[in-house]
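Let me begin by presenting the structure, written as structure tokens, before commenting on it.
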Amino acid sequence: MKILGIETSCDETAVAIVQAHADPAQRILANVVFSQIEQHQDYGGVVPELAARAHLEYLSPTLQQALKHAHLSLEDMDAIAVTAGPGLIGGVLVGLMTAKALAMALRKPFLAINHLEGHALTPRLSHDVPFPYLLLLVSGGHCQFVEVQSLGRYRVLGSTIDDAAGEAFDKVAQLMNFDYPGGPALEKAAQQGNPKRFDLPRPLKGRPGCDLSFSGLKTAARMVFQNFPHPTPQDINDIAATFQLAVVDSLINRAEHAIQMLSAPVDHFVVAGGVAANQTLRGQLSTLCGRQGLTFVAPPISLCTDNAAMIAWAGLERFSLGYTSDLGIGPRPRWPLTDL
Ligand code: KG4
Ligand code: ZN
């Protein structure tokens, strides 16, 4: 079984082909991601209209590239899967209409996939992780703890009450004049810095539940930064290290709570989303899991950040169970996992 996946919900134009295979290493036949980062860099964030236009321009060549890479044609696909939300509506529309057109023209089954479900099922694509498991989804747009019970059954244990962690990384990095998205550059600076030089809050630490908050921390980091009209590289590194540690501490504390909140025991703790690339976060989550007797799973970075392989895979899991979607379905800018 081969599934074509299309992802256009943010600033990545992505097309992938996955197949059912016992060996995870043999599942991805093509995984092409065209990142629009350069188009948005001057604005310090994703501009929805620019993104939608870029998706329109790049989706066709990205599709051609994926087919070429897999040495397959559209006729070889068993179904077409596409992100139908949540995300920036203009971009989602481009992907969704393209997928519907393909499905109609080729007379192939069609699957409208929730982007968050794509992230949530990725550890099954990369590592065959069995249900149920605990997921921390931590990216520029999303930040939540999810009890993944089975396909389509997700219990959100807690989520951010303001900014996503990646967004906070990007905003603080912007103060430091790092290019958007600044998370990776901030991590690099933090590696040279002293995380104890300043005092930053640990939002919601110790409070009941596992909700997260990063907006106050972001502001606190800005206040520290304002004390340095002419920061030296060491000042920048120290603020970066202090900020990164505060984010990680806060995520670890909330993760401890999330583990307590599970409705049934799990064996695996999984992290996904762009911020999962952060080595300090990975290290501390892995230590936490060791303490709690859980197996820590982090999919490869290329599958943690936005991609279409995760959408094709969610399509494959759904199609294998007999699900398909109606072609009448529209784009959904908001679409919580709990609605599945
Ligand atoms: O999942 P993703 O590619 O896109 C969505 O937001 O959906 O995540 C991108 C986010 C950006 O905010 C980026 O700064 C952050 O992930 N990020 C990192 C690192 N690498 C990417 N944040 C901290 N440390 C990193 N190494
Ligand atoms: Zn995402």
Side-chain angles (χ1 to χ4, degrees), residues 5-14 16 31 33-37 40-41 43-46 48 51 83-88 91-92 95 113-122 135-144 146 159-160 163-176 178-191 193 195 214-215 217-218 221 240-241 243-251 270-285 298-311 313-314 333-337:
I6 296 177
E7 156 64 39
T8 56
S9 68
C10 193
D11 59 344
E12 260 93 29
T13 310
N31 187 17
V33 179
F34 176 81
S35 169
Q36 306 173 4
I37 281 176
H40 302 284
Q41 221 146 38
Y43 306 93
V46 179
T83 302
L88 301 172
V92 175
I113 301 297
N114 179 304
H115 177 88
L116 302 173
E117 181 172 67
H119 279 300
L121 298 177
T122 300
L135 165 77
L136 166 59
L137 174 57
V138 63
S139 72
H142 314 283
C143 203
Q144 51 189 224
V146 183
S159 39
T160 179
D163 296 346
E167 196 179 343
F169 263 101
D170 293 341
K171 291 281 158 55
V172 172
Q174 204 177 10
L175 296 175
M176 301 171 170
F178 294 138
D179 279 345
Y180 171 83
L186 195 151
E187 175 176 25
K188 213 162 155 222
Q191 281 159 359
F214 295 105
S215 133
L217 176 57
K218 187 180 74 186
F243 171 77
Q244 176 177 273
L245 186 64
V247 172
V248 171
D249 267 2
S250 147
L251 282 166
V270 171
V271 65
V275 183
N278 189 282
Q279 294 300 330
T280 307
L281 178 62
R282 281 185 180 228
Q284 296 219 17
L285 282 174
I301 310 280
S302 61
L303 295 179
C304 278
T305 54
D306 285 350
N307 67 85
M310 68 179 191
I311 302 304
W313 178 256
R334 289 181 183 282
W335 188 5
L337 269 179

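Sequence positions, counted from 1, serve as the residue numbers for this chain. Whatever order the structure lists them in is the order used to number ligands and atoms, beginning at 1. Note that the coordinates shown come from a computational prediction; the quantities given were computed from them, not determined experimentally.
Relative ring orientation between H115 and H142 is described as tilted, the plane-to-plane angle lying within the 30° to 60° band.
When atom types are taken as modelled, the side chain of N307 and the backbone of M310 share a donor-acceptor pair closer than 3.5 angstrom. Remark: side-chain polar atoms of S9 are not paired, donor with acceptor, to backbone N or O of G87 under 3.5 angstrom. The backbone N or O of G45 lies less than 3.5 Å from no partner atom in the side chain of D170, so there is not a single donor-acceptor pair.
Between D306 and H119, some side-chain heavy-atom pair lies under the 4.5 Å cut-off. With a 4.5 Å cut-off on side-chain heavy atoms, I311 and I6 do not count as touching. Counting only heavy atoms from C-beta outward, the side chains of L337 and V146 approach each other to under 4.5 Å.
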Step by step, would you call F243 with F169 a ring-ring contact (aromatic ring centres under 6.0 Å, His included)?
CA-CA 8 Å; F243 171 77; F169 263 101; 5.4 Å; yes

Please assess E187 against T280 for the test side chain to side chain donor-acceptor pair (under 3.5 Å), listing each intermediate value before the final yes or no.
CA-CA 8 Å; E187 175 176 25; T280 307; 4.6 Å; no

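Protein residues having at least one heavy atom under 4.0 Å from any atom of ligand 1 are S139, G140, G141, G166, F169, D170, P181, G183, P184, E187, G273, G274, V275, A277, N278, T305, D306, listed by chain and number.
The distance cut-off of 2.8 Å around the Zn ion (ligand 2) captures these protein N, O or S atoms, sorted by chain and number: H115 NE2, H119 NE2, D306 OD1.
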